[in-house]
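The next block holds one structure in the form of structure tokens; read it before the comments.
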Amino acid sequence: MSKNQGQEPAIELINVTRRFVSPTGKTLTALKDFNMTVERGEFVAVVGPTGCGKSTTLNLVTGLARPSAGEVRLMGGPVKGIDPRVGFAFQKDALFPWKNVIDNVMAGPLFRGRSRAAAEAAAKDWLARVGLSKFLHHYPHQLSGGMRKRVALAQTFINEPEILLMDEPFSALDVQTRTVMHEELLKLWAERKASVVFVTHDLEEAVALADKVYVLTAGPATVKSVYHIDLPRPRVVSEIRYEHAFIDYCKTIWDDLRQEVETSYRRASEAA
């Protein structure tokens with residue numbers, strides 16, 4: 001996806017280094033000389049070895065962490081604390097167990113100052129979009145894993161985020177449910193055109209969803225490669241996996257990623 005004329009990118013990380021102090025007092029570097037650009041409306045996936053700093057990247061964008069060096073920019077301006085234009089989807093459900101489905105989805109708009117009537121109307125609309133109109137008064141423990149994820153998507157998209165950060169949101173789901181959730185996510189993204197950064201360990205998931213895939217090195221993470229995924233949209237995830245172009249992308253990127261995974265595994269074995 002090309003850059004929108006006259007608009008700054010949604011997200012820029014420019015020569016970013018992030019260090020932190022471990023509980024033992026040792027200074028560790030999570031990211032080093034890290035550069036990433038996410039254009040407006042672009043879907044970017046990030047893959048890399050376990051513990052290489054993928055989640056740290058998201059924390060820098062949210063404002064939960066600050067770079068030790070370099071610059072992080074949102075919509076052309078510096079990150080200044082928590083930005084209401086940013087939505088976050090976690091690996092674990094961020095649902096309130098004591099609230100029913102509609103109250104969970106209404107929570108965001110109410111917190112942002114919308115009237116209860118407006119929040120309820122919006123929540124019903126978003127729950128209809130994810131196929132949960134018949135479950136408004138159910139509680140999270142009464143839903144399947146896939147249904148809870150649909151609630152979480154409605155909970156996130158109802159706030160109309162311009163930037164959506166997703167940290168392995170579907171990793172706990174079975175393969176069939178995950179495929180359904182991929183379809184739901186792409187449908188909602190196509191409607192809203194938020195700028196997405198999607199962290200995953202699943203390379204096929206990254207290629208199926210993204211416009212662009214960033215491959216990170218073993219920690220301290222920097223960008224090793226960037227792959228532009230030239231597969232037509234709209235994509236049907238359950239079918240695209242069988243296309244030759246999809247398979248070729250996966251093979252090429254895995255050859256690149258595998259070296260970093262092996263390096264990370266070797267370091268962990270040596271440390272043990």
Side-chain angles (χ1 to χ4, degrees), residues 1-20 29-48 52-91 94 108 153 156-157 159-170 185-186 188-201 205-217 219-230 233 253:
M1 186 176 296
S2 60
K3 181 174 177 178
N4 293 328
Q5 192 67 28
Q7 288 188 321
E8 297 287 345
I11 301 169
E12 289 180 287
L13 282 80
I14 306 167
N15 297 325
V16 167
T17 295
R18 168 64 177 169
R19 304 183 189 90
F20 62 93
T29 302
L31 304 179
K32 183 178 180 181
D33 299 329
F34 191 98
N35 290 277
M36 175 183 290
T37 301
V38 181
E39 304 295 350
R40 302 202 184 197
E42 189 173 42
F43 198 124
V44 168
V46 180
V47 298
C52 75
K54 299 185 294 296
S55 296
T56 299
T57 304
L58 299 185
N59 288 337
L60 289 166
V61 177
T62 63
L64 293 173
R66 297 179 61 84
S68 306
E71 187 178 7
V72 182
R73 299 178 66 81
L74 298 183
M75 305 297 187
V79 174
K80 296 180 179 178
I82 306 300
D83 194 311
R85 297 173 296 181
V86 178
F88 205 113
F90 299 92
Q91 183 174 359
L153 286 180
T156 300
F157 276 95
N159 295 315
E160 300 184 349
E162 296 179 51
I163 293 171
L164 179 56
L165 308 178
M166 310 190 78
D167 193 356
E168 298 191 73
F170 307 138
L185 173 59
L186 288 179
L188 295 176
W189 170 73
E191 292 176 4
R192 303 305 312 171
K193 279 300 181 184
S195 306
V196 178
V197 180
F198 190 102
V199 165
T200 179
H201 281 97
E205 181 176 62
V207 174
L209 296 175
D211 297 310
K212 194 163 63 181
V213 175
Y214 277 78
V215 177
L216 307 191
T217 63
T222 191
V223 175
K224 181 179 185 181
S225 309
V226 183
Y227 293 89
H228 293 266
I229 308 301
D230 188 18
R233 294 192 185 275
I253 299 174

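Scope of the values below: all heavy atoms of this structure, side chains included, with no hydrogens, waters or symmetry mates.
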Between Asp211 and Phe43, is there a donor-acceptor pair closer than 3.5 Å when you use the side chain of the first and the backbone of the second? yes
In Asn15, Thr217, Val223, the residue satisfying side chain to side chain contact (heavy atoms under 4.5 Å, CB included) with Phe34 is Val223
Smallest heavy-atom separation, Ile82 atom then Gly63 atom, equals CD1-C, 4.4 Å
Quick one, Leu153 with Met166, criterion side chain to side chain contact (heavy atoms under 4.5 Å, CB included). Give me CA distance, side-chain angles, the key distance, then yes/no.
CA-CA 10 Å; Leu153 286 180; Met166 310 190 78; 4.0 Å; yes
- Quick one: does Arg18's side chain have a donor or acceptor within less than 3.5 Å of a partner on Thr29's backbone? no
ask   = Do the side chains of Phe157 and Leu164 get nearer than 4.5 Å, heavy atoms only?
value = yes
So CD of Glu42 and CH2 of Trp189: to nearest 0.5 Å the spacing works out to 8.5 Å
message = Quick one: does any side-chain atom of Thr200 pair with a main-chain N or O of Glu168 as donor and acceptor, under 3.5 Å?
response = no
Quiz prompt | Close side-chain approach of Leu13 to Thr57, heavy-atom, < 4.5 Å | solution = yes
So CD of Glu71 and CG of Leu60: to nearest 0.5 Å the spacing works out to 12.5 Å
Q) Please walk me through it: do Asn35 and Ile14 pass side chain to side chain contact (heavy atoms under 4.5 Å, CB included)? A) CA-CA 5 Å; Asn35 290 277; Ile14 306 167; 4.2 Å; yes
Nearest heavy-atom approach of Val213 to Ala206 is CG2-O, 4.0 Å
Value for CZ (Arg192) from CD (Glu160), rounded to nearest 0.5 Å, stands at 4.0 Å
*Would you say Phe88 and Asp167 make side-chain contact, with heavy atoms under 4.5 Å?*
yes
For Phe170 and Glu205, the nearest pair of non-hydrogen atoms, with its separation, is CD1-OE2, 3.8 Å
Note: Gly87 and Pro161 closest approach over all heavy atoms is N-CB, 3.6 Å
query: Are any non-hydrogen side-chain atoms of Val79 and Val61 less than 4.5 angstrom apart?
result: no
Give a yes or no answer on whether the side chain of Arg40 reaches the backbone of Glu8 with a donor-acceptor pair at less than 3.5 Å. yes
- Query: Just wondering, are more than 12 heavy atoms of other shown residues or ligands nearer than 6.0 Å to NZ in Lys212?
  - Reply: yes
ask   = Can you tell if the side chain of Val196 reaches within under 4.5 Å of the side chain of Leu185, non-hydrogen atoms only?
value = no
- prompt: Under 3.5 Å, is there a donor-acceptor pair between the Asp33 and Thr222 side chains?
  reply: no
I'd like to know if the side chain of Tyr214 and the backbone of Thr37 have a donor-acceptor N/O pair within less than 3.5 Å. yes
Check: Going through the distances and angles, do Val38 and Val197 end up as a side chain to side chain contact (heavy atoms under 4.5 Å, CB included)?
Finding: CA-CA 8 Å; Val38 181; Val197 180; 3.8 Å; yes
Practice problem: Say whether, by atom type as modelled, one donor and one acceptor occur between the side chain of Asp83 and the main chain of Arg85 under 3.5 angstrom. | Solution: yes
For Ala30 and Phe20 the tightest heavy-atom approach is CB-CE2, 3.9 Å
Taken to the nearest 0.5 Å, the spacing of Leu188 CG from Leu186 CG works out to 9.0 Å
Set out, in order, the CA-CA distance, both residues' side-chain angles and the distance that settles side chain to side chain contact (heavy atoms under 4.5 Å, CB included) for Lys32 and Arg19, then state yes or no. CA-CA 9 Å; Lys32 183 178 180 181; Arg19 304 183 189 90; over 6 Å; no
Closest non-hydrogen atoms of Leu165 and Leu58, given as atom of the first, atom of the second and distance, are CD1-O, 3.7 Å
